[in-house]
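Worksheet: one structure, shown below.
Just so you know, these numbers use all the heavy atoms, side chains as well, and skip hydrogens, waters and symmetry mates. All values derive from a computational prediction rather than experimental measurement. All chains are named by letter (A, B, ...) in the order of the sequence lines, taking the proteins before the strands, and each is independently numbered beginning at 1.
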2 protein chains.
Amino acid sequence: MHRAGALPFGVRHMSATEPTSPSTLSPRAREVLAAARELLEEEGPDGLSMRRLGDRLGISAPAFYRHFPDKRALENTLIYEAFWDLGDLLLAAIEDSDDPITDLAAAYRAYALEHPHLYDLLYQRPLDRDSIDPAGETHAGEAIRRLSGNDPISARMIWAYAHGMIDLELKGRFPHGTDVTAVWRRGIASLKPALGL
Amino acid sequence: MHRAGALPFGVRHMSATEPTSPSTLSPRAREVLAAARELLEEEGPDGLSMRRLGDRLGISAPAFYRHFPDKRALENTLIYEAFWDLGDLLLAAIEDSDDPITDLAAAYRAYALEHPHLYDLLYQRPLDRDSIDPAGETHAGEAIRRLSGNDPISARMIWAYAHGMIDLELKGRFPHGTDVTAVWRRGIASLKPALGL
DNA sequence: GTCTATATCAAGATAGAC
DNA sequence: GTCTATCTTGATATAGAC
């Protein structure tokens with residue numbers, strides 16, 4: 001299998017002025033990637049097959065391999081970019097906020113509910129850390145690190161709560177009629193003091 | 001660890017005096033189930049195929065279908081029994097405890113770390129609630145309901161935190177060197193007051 | 001960059017004999 | 001309760017022509 005160094009296909013963000021558009025992908029590869037993301041978001045992880053991807057693009061399945069070495073490279077690129085997008089949203093949420101932890105939590109939940117299958121992709125398997133640029137993950141965690149004053153214990157505590165809430169909600173684990181927002185509120189209120197907020 | 005009641009095909013357990021040992025499975029089906037659980041725990045969800053299950057039992061793959069109607073029924077039985085076992089452990093953990101919420105958290109984490117693939121099975125997909133007796137889930141939640149004084153908001157808050165911690169740990173998401181126990185401690189300490197503890 | 005044809009593999013599940 | 005033989009489906013991926 002072809003490996004483009006430490007990065008999935010050399011995907012790396014190069015510019016400080018355009019952090020959300022990192023790419024060394026060819027234009028055609030970007031189209032393939034966009035179609036893959038649509039397919040994933042519409043049909044879930046099982047819908048993301050080479051055949052279906054080809055169908056969506058109007059090409060045959062094998063043509064995919066001219067653009068990515070294999071399926072994993074495609075998924076890794078999706079993961080990297082999703083982390084980056086999420087990081088942008090979370091940073092925007094806390095900027096100039098009067099209640100940054102609440103707004104952070106709301107933004108996190110909103111992203112997950114809008115992109116449930118993409119969120120799943122981020123967490124369903126161990127990260128392929130040999131092939132995914134860690135900058136995506138790092139960027140995703142930036143907002144919570146800032147709020148926690150760089151205290152890693154508290155940052156991970158709030159991350160775990162948020163992730164647990166999302167996972168239970170996305171997987172339909174809360175009983176019908178649960179006021180999920182109320183659970184969020186109480187959890188955030190309880191965890192806030194540990195962040196010094 | 002006890003042998004929990006099976007509920008493979010919509011049959012409910014009837015006895016209030018022996019809730020943890022009801023079974024309508026034939027002895028042979030129980031052997032199949034035990035082998036399936038071993039296989040799952042040793043090799044993960046992808047290892048649980050009919051062929052491999054047959055190999056482990058020394059029978060052919062199709063022979064399985066004399067004992068369960070299909071793979072999903074087998075998985076549902078595994079899920080039901082895992083919930084039941086977990087519920088037993090959690091109830092035992094809080095009984096006569098001086099610090100029940102801490103002991104509950106420790107027991108939950110211990111179960112997940114000892115049976116990571118089984119834990120995954122419990123949460124990786126939407127529950128097939130049409131085919132799984134809800135008694136298992138209910139039993140699993142009994143301890144936390146007691147601790148929270150039947151306040152569902154607080155119970156779900158603590159559940160989400162615990163699940164999030166487990167999921168991040170099992171999936172290797174915490175950076176190398178993270179003191180996971182310290183994160184647990186701080187989270188539990190922060191959430192405790194909301195439970196009135 | 002895309003095609004057709006194909007290799008390879010493995011999955012869940014059924015039929016019917018014993 | 002188990003067997004052999006088989007069906008059906010669908011996955012990732014490669015070869016080689018255009």
Euclidean distance, atom NE2 of residue His67(A) to atom P of dT12(D) [Å, nearest integer]: 16 Å
Flag side-chain contact, heavy atom, 4.5 Å: Glu75(B) against Arg125(B): yes
Atom-pair distance (NZ on Lys71(A); P on dT12(D)), nearest Å: 4 Å
Touch class at under 4.0 angstrom, heavy-atom based, for Gly54(B) against every strand present: nothing
Interatomic distance, Arg72(A) CZ vs dA13(D) P [rounded to whole Å]: 10 Å
Out of dA15(C), dG12(C), dT14(D), whichever nucleotide has its closest atom nearest the side chain of Ser49(B): dG12(C)
Mutual orientation of the aromatic rings belonging to Phe64(B) and Phe68(B) [parallel < 30°, tilted 30-60°, perpendicular > 60°]: parallel
Ring centres under 6.0 angstrom apart (Tyr108(B), Trp159(B)): no
Whole-Å gap separating C1' (dC3(D)) and CZ (Arg66(B)): 10 Å
Distance below 4.0 Å between Ser60(B) side-chain N/O and dT2(D) OP1 or OP2: no
Spacing between Met50(A) atom CE and dG1(C) atom C1', to the nearest angstrom: 17 Å
Atom-to-atom span, CG of Leu57(A) to P of dG1(C) - whole angstrom: 13 Å
Arg51(B) (side chain) and dG12(C) (base): donor-acceptor pair under 3.5 Å: yes
Below 4.0 Å: OP1/OP2 of dT2(C) and any side-chain N or O of Arg28(A): yes
Donor-acceptor pair, side chain of Ser97(A) and main chain of Asp99(A), under 3.5 angstrom: yes
Asp46(B) CG - dT12(D) C1' separation (whole Å): 14 Å
Nearest-angstrom distance from the residue atom CG of Leu48(B) to P of dA11(C): 10 Å
